[in-house]
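The next block holds one structure in the form of structure tokens; read it before the comments.
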Number of protein chains: 2
Amino acid sequence: MKNREEVRTLFKTKKVPLTHQRLAVYEELSGRRDHPSAEALYESLRKAYPSLSLATVYKTLQTLHEMGMVARVDSPAAQARYDAIVETHHHAVCTACGRIEDLFDPRLDALPEPKAAGFVISGHSVHFHGLCAKCAKAPSTRTIKEK
Amino acid sequence: MKNREEVRTLFKTKKVPLTHQRLAVYEELSGRRDHPSAEALYESLRKAYPSLSLATVYKTLQTLHEMGMVARVDSPAAQARYDAIVETHHHAVCTACGRIEDLFDPRLDALPEPKAAGFVISGHSVHFHGLCAKCAKAPSTRTIKEK
DNA sequence: TCCTGTTTGATAGTTATTATCCACTGATAA
DNA sequence: TTATCAGTGGATAATAACTATCAAACAGGA
Ligand SMILES: [Mn+2]
Ligand SMILES: [Mn+2]
Ligand SMILES: [Zn+2]
Ligand SMILES: [Zn+2]
């Protein structure tokens, strides 16, 4: 959530070229609190930038994400993963290899009820992320994704 | 995590036909603790059931999910959603319309460190799910998904 | 065993995302 | 200011995960 000057400085510091498109995507996203999709951003932006391409929005979001300027709300996992344990429990997800380990901890089951006006909460899930034992040990042999 | 007899009874109770494929998918998933994808289950199952189709695995997982017998580990969201707020915060996700609201609550930022052997945790996120104010009010006009 | 609504398997279609490719541009140096 | 050029953007093809379609086979009750 940075203003235009902070953005310019950050790009300069990180030696990443700051283009009109990158600034536009970041400022549009900054102005919204509805956690838009790439497509939704594209639809808003194309009015002011008719030549903008959807692929550019995707590439820009990825760049901004790598720079630590935007976050992805849901897990970046492309594939759904299933579990025969339907009882309440939580997960540790390895960002390098995709391994998912179970966490059974009653302290995570009872979290403070959030105060989101009018929202009727039916449950919650906690995702810890980091490196699994194997990937933490491995120097750089990143698999990125396992089936 | 039910045995064969419990599964038979549950299908009978819910009046859902129990096929060989449904039993096979459920038992394969029950026997694994690696949170497999549909494709991974299919790869394991096709050895014993060479005529099994991947589409059937998808349909079966959906059926089992609706019956409350399997859980999806990650959000079923098809589209990635982005956020310019990279500071630690959490989210309430409406299961009816896809709306995502921010939750700022320091009590959710400091959760008990989970004891997953060897796992190097770098962060966590909490997803509450339920119905947003609008959808909780609306009788049944479910939008299912908004862009 | 027979009957009928459901499910399966094969496959085509869809959707979100990524890769490719080349003209163009932002950042630096002259 | 202009020249240079690595990196970027736009157009579009390709990919990956999933979903729809539909005829044939099946499950479960009569
Ligand atoms: Mn689990
Ligand atoms: Mn947020
Ligand atoms: Zn790992
Ligand atoms: Zn809603």
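Protein chains get the first letters and strands the later ones, always in sequence-line order, with residue 1 at the start of each.
Proximity of Gln21(A) to the phosphate of dG26(C): no side-chain N or O atom is located under 4.0 Å from OP1 or OP2. An OP1 or OP2 oxygen of dT19(D) is reached within less than 4.0 angstrom by no side-chain nitrogen or oxygen of Tyr58(B). The side chain of Gln62(B) contributes no N or O atom lying less than 4.0 Å from OP1 or OP2 of dC18(D). Within the 4.0 Å cut-off from OP1 or OP2 of dG9(C), at least one side-chain nitrogen or oxygen of Ser51(B) is found.
In this structure, Glu66(A) places its CD atom 14 Å from C1' of dT8(D), rounding to the nearest Å. In this structure, Lys59(B) places its NZ atom 19 Å from P of dA17(D), rounding to the nearest Å. The separation between Leu23(B) atom CG and dC26(D) atom P is 17 Å, rounded to whole Å. For the pair Tyr42(B) OH and dT11(C) C1', the interatomic distance rounds to 12 Å; values are reported in whole Å. Separating the CZ atom of Arg46(B) from the C1' atom of dT8(C) is a distance of 16 Å, rounded to the nearest angstrom. We find that CG of Leu61(B) is positioned 11 Å from P of dT8(C), with the value rounded to whole Å. Note: CD (Glu39(B)) to C1' (dA17(D)) measures 9 Å, nearest angstrom. Tyr49(A) has its OH atom 16 Å from the P atom of dA11(D), to the nearest Å.
Of the residues in residues 10-20 of chain A, those placing a heavy atom less than 4.0 Å from an atom of DNA chain D are Pro17(A), Thr19(A), in numerical order.
Two residues are said to be in side-chain contact when any heavy atoms from C-beta on lie closer than 4.5 Å; Val86(A) and Met69(B) fail this criterion. Put simply, the side chain of Lys115(B) does not reach to within 4.5 Å of the side chain of Leu103(A), judged on heavy atoms. Asp105(B) places none of its side-chain heavy atoms less than 4.5 Å from the side chain of His90(B).
The aromatic rings of His124(A) and Phe128(B) sit tilted, their planes meeting at an angle between 30° and 60°.
Considering only side-chain atoms of Thr56(B), the nucleotide from dT8(C), dT17(C), dT11(C) that sits closest is dT8(C). Comparing dA10(C), dT8(C), dT12(D) by their nearest atom to the side chain of Ser53(B) picks out dA10(C).
Where Tyr82(B) and Pro50(B) each meet DNA chain C at their nearest nucleotide, the meeting point lying more 5' is that of Pro50(B).
Between Asp102(A) and Arg33(B), at least one side-chain N (NZ, or NE/NH1/NH2) sits under 4.0 Å from a carboxylate O, which counts as a salt bridge. Taking the charged nitrogens against the carboxylate oxygens, Asp34(B) and Arg81(A) have no contact shorter than 4.0 Å, which rules out a salt bridge.
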Test log, rule side-chain hydrogen bond (donor to acceptor under 3.5 Å, both in side chains), inputs Thr56(B) and Arg22(B) = CA-CA 9 Å; Thr56(B) 297; Arg22(B) 286 172 174 173; over 6 Å; no
